[in-house]
Amino acid sequence: MEYNFKEIEKKWQKRWLEQHTFSAKQDFTLPKFYGLVEFPYPSGAGLHVGHPRSYTAMDIIARRRRLQGYNVLFPIGWDAFGLPAENYAMANKVHPAPITHKNIDRFRSQLQMLGLSFDWQREINTTDPQYYRWTQWIFIQLFKHGLAYKKEMAVNFCTRCKVVLANEEVVNGVCERCHGPVIRKLQSQWMLAITKYAQRLIDDLDEVDYIDRVKTSQINWIGRSTGAEVRFSTTAGDQLTVYTTRPDTLFGATYMVIAPEHQLIERWKERITNLPKVREYQAMAARKSDFERTEIAKDKTGVELEGVRAINPVTGAEIPIFISDYVLASYGTGAIMAVPGHDTRDYEFAKVFGLPIVEVVAGGDIEKEAFTDISTGTMVNSGFLNGLTVEEAKKEIVKWLVQNGKGEPKVNFKLRDWVFSRQRYWGEPIPMVYCEKCGWVPLPEDQLPLVLPDLDQYEQTDTGESPLARLTDWVNTTCPCCGGPARRETDTMPQWAGSSWYYLRYMDPHNQQQLVSPEAVKYWGPVDWYNGGMEHTTLHLLYSRFWHKFLYDIGVVPTREPYQKRTSQGMILGEDGEKMSKSRGNVINPDEIVDTYGADTMRLYEMFIGDFEKTAPWSSSSIKGCKRFLERTFGLMDILCDGEDYSEDLAMEFHRTIKKVSEDIDAMGFNTAIAAMMALINRIYQKGSVNRAELRTFLLLLNPFAPHITEEMWEICAFGGEISGASWPAYDEALCRADTVEIAVQVNGRVRGRISVGEDTTQQQAIEMAMADPKVAAEVSGKTVVKQIYVKGKIVNIVVR
RNA sequence: GCCGCCAUGGCGAAACAGGCAAACGCAGCAGACUUAAAAUCUGCCUCCCUCGGGAUUGCCGGUUCAAGUCCGGCUGGCGGCACCA
């Protein structure tokens, strides 16, 4: 019989779809498993070979869990709002919806062609009004709880896309998508107060099982630092507050720097004697893109605010105040005390402007560079702090600041509030109305969804407003609060909105009354295992944890965390070892692979390619090995014989392989699980026959990896029902071990012979057997035995001198 | 610059918790089958060698009876953050 993968795969894919074989059961008394993969953005390019790496891995886990008797939820959907469809719409003067639907249809058929056991009855789409109705609902709850607010602020503006970007979308100072220059522009934006959750987003990582690099990245991104706020009096009669992590160096603060945007400048403008120069510097800083601002980081620039000086609270000295763009308005208080002796940036600035550098921590050489080591220094030139270590000095100075009303301890985070507005069409409309009398008013919840109206022009307006602003009939409305005239918000939500809660909707996707029913979320939540790309660690993963925590606070979900476990797959590179890209011409098309080798081979190969967490280059020849393995698997039916129990000479191999494959799937060691099955089939062919019990087990082990061929063989062999309804095979730990095992005998760490030992061989017996070996005896003779080591079942080592 | 990860045959990679380095696969070589090729099957496949052995997991050192694995120092690569006070 020939292995006709095309027919076999078509047949089973059709049957699975028709019979809803993999739909989650509504029985909430069964043990559950919720496996999740990141839903794709349905791009015009179609599926990438990277998608199946993540999807097949979770499919294998989901299929095994079903065989283990779990009620499995393994859903898929479409993160379908986003810029590419909108850009396409703009260029071709068509609505983004039809193109999006076309792309979704293509993606769906591509995923089905891979035999992924998704629950297609729970498919969701973020652009469906029945879905984004709840995205809007969550926004309104955030607003009602003071976590969504409008703020006039300097935002990142991409001059090419003409769109405001979140900090996270600016990469190396340029637009993440188009790489265009990004400048700072003042605009009124909806903001989400994620910073209020910063500490919890760090703390609760303790209760989830995320791979370490994900945890570390999140913690670094949130960027917690501890220090103090210190208030400096000024000669203008007011106060200048700074944030510092080194309050211990206060005696060494010889000048101050405030951000060019700092508000005190406006208050001091009458006193500043060189205001034109200050204005010029402010204008220059505003014009600069973030990229330029960081590019010239080495050359410190700035202007002294002449006419106002600050007073160092401990030394009483009057010190100058500068503005410089090396101080960021958005972090801390937007102002610093500069301690050039012990901060590299302050040191550079002081050198440029000829400012005094005072050593307050001894241990370095401040003639050469700033001394920033906090673990070895001793305080000097610091009055009551002299002689203390840095750590002691920090405690003492904070105590002093509090006692004298000059400051207090303070924790800061790098994490910023989330800029949530986009001046774009293809996103969820923000369900808010502005009334002169009542201010910002949310749409009543019974009026949701606020459906995205149709448009025929998708460019932003000349003033940079959302294209929706053109629809005056839609914009002009009545205030839900007072009934007076009001205007709708025309900005839409960012792409991250729909993906921040989609895992909840899968639990109850057709609920018309609620985002998710309490019963469904109690049963299915939290997601047991979420696999996805490292690139989503700091944005998507953090955003959705934030929304989940908020939903927890308002009683919608019963758990503090959305995802119990998070893992991440490595990237698949092109055959040349470079990242796949159209321009490099090294893109592998999954359709072609499936056409040539079949879905089972493709799945198997992507799992066999290497360590799941590491990047790996594609290899057109290696995939053939996986195809051969499946052909040999199909060929097992030619050497099939009767027998309802493992044959004696293969029993141990079977028990061992079941154990190995079971454990490896749970540890995502897919490559070694496949290797174990390959080794087993080699043994079977060596023996020359396989009995029914053996083939049955072999098919079950292989089923999660290669579902089509195993279903077909199961049916041909009439093992009963369908393999997807069978049970995962059990193994006996005792039968995994051989009665005797051959181990190496070393003399001084070098292998000189080998002996066969059993479970109860003693050290003395092992040494005796070892010494019986002529080579070992020869190495030992005439020398003094210093030590004899026998590690049970592992090794004998005789140390001689 | 800071933080994290990684380095093993010609290639992708294995190696449980410190115990025979290179499982499994690709490529290659030899043989069988074939008129021939493909496919398939069998065997070989880290390097050196005086055929007894010796060397070998990026480099240098350490701990240990024993190190790919643990510790210290370097080199190279990948990822993240990046004037965050």
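The figures that follow rest on heavy atoms only: side chains count, while hydrogens, waters and symmetry mates do not. A note on names: the letters A, B, ... follow the listed sequences, proteins ahead of strands, and every chain is numbered from 1. Note that the structure is predicted; figures quoted are calculated from it, not measured.
Rounding to the nearest 0.5 Å gives a distance of 8.0 Å between CZ of A:R53 and OG1 of A:T615. Separating the NZ atom in A:K414 from the OG1 atom in A:T195 is a distance of 15.5 Å, to the nearest 0.5 Å.
The side-chain contact (heavy atoms from CB on, under 4.5 Å) search around A:A673 returns A:V661, A:D664, A:F705, not counting sequence neighbours.
Aromatic ring orientation, A:H536 versus A:H540: perpendicular (interplanar angle above 60°, classes split at 30° and 60°). Classification of the A:W418-A:Y543 ring pair by plane angle, with boundaries at 30° and 60°, yields parallel.
Each of A:I336 and A:S622 has a nearest nucleotide on RNA chain B; the 5'-most of these lies closest to A:S622.
Taking 4.0 angstrom as the limit, A:K787 places a side-chain polar atom (N or O) nearer than this to OP1 or OP2 of B:C65. Considering only side-chain N and O atoms, A:Y326 lies nowhere under 4.0 angstrom from the phosphate OP1 or OP2 of B:A85. Contact annotation: A:N671 reaches the phosphate of B:A14 (side-chain N/O to OP1 or OP2, under 4.0 Å). Taking 4.0 angstrom as the limit, A:N682 places none of its side-chain polar atoms (N or O) nearer than this to OP1 or OP2 of B:A23.
Rounded to whole Å, the distance from CH2 on A:W221 to C1' on B:G4 is 16 Å.
In the model, A:R801 has no side-chain atom that pairs as donor or acceptor with a side-chain atom of A:N748 under 3.5 Å.
Contact annotation: side chain of A:K300 to base of B:C83, donor-acceptor pair present below 3.5 Å.
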Within the 4.0 Å limit for protein heavy atoms, which parts of nucleotides 38-54 of chain B are touched? Write it as a string from 5' to 3', B for base, S for sugar-phosphate only, - for none.
--SS-----------SS

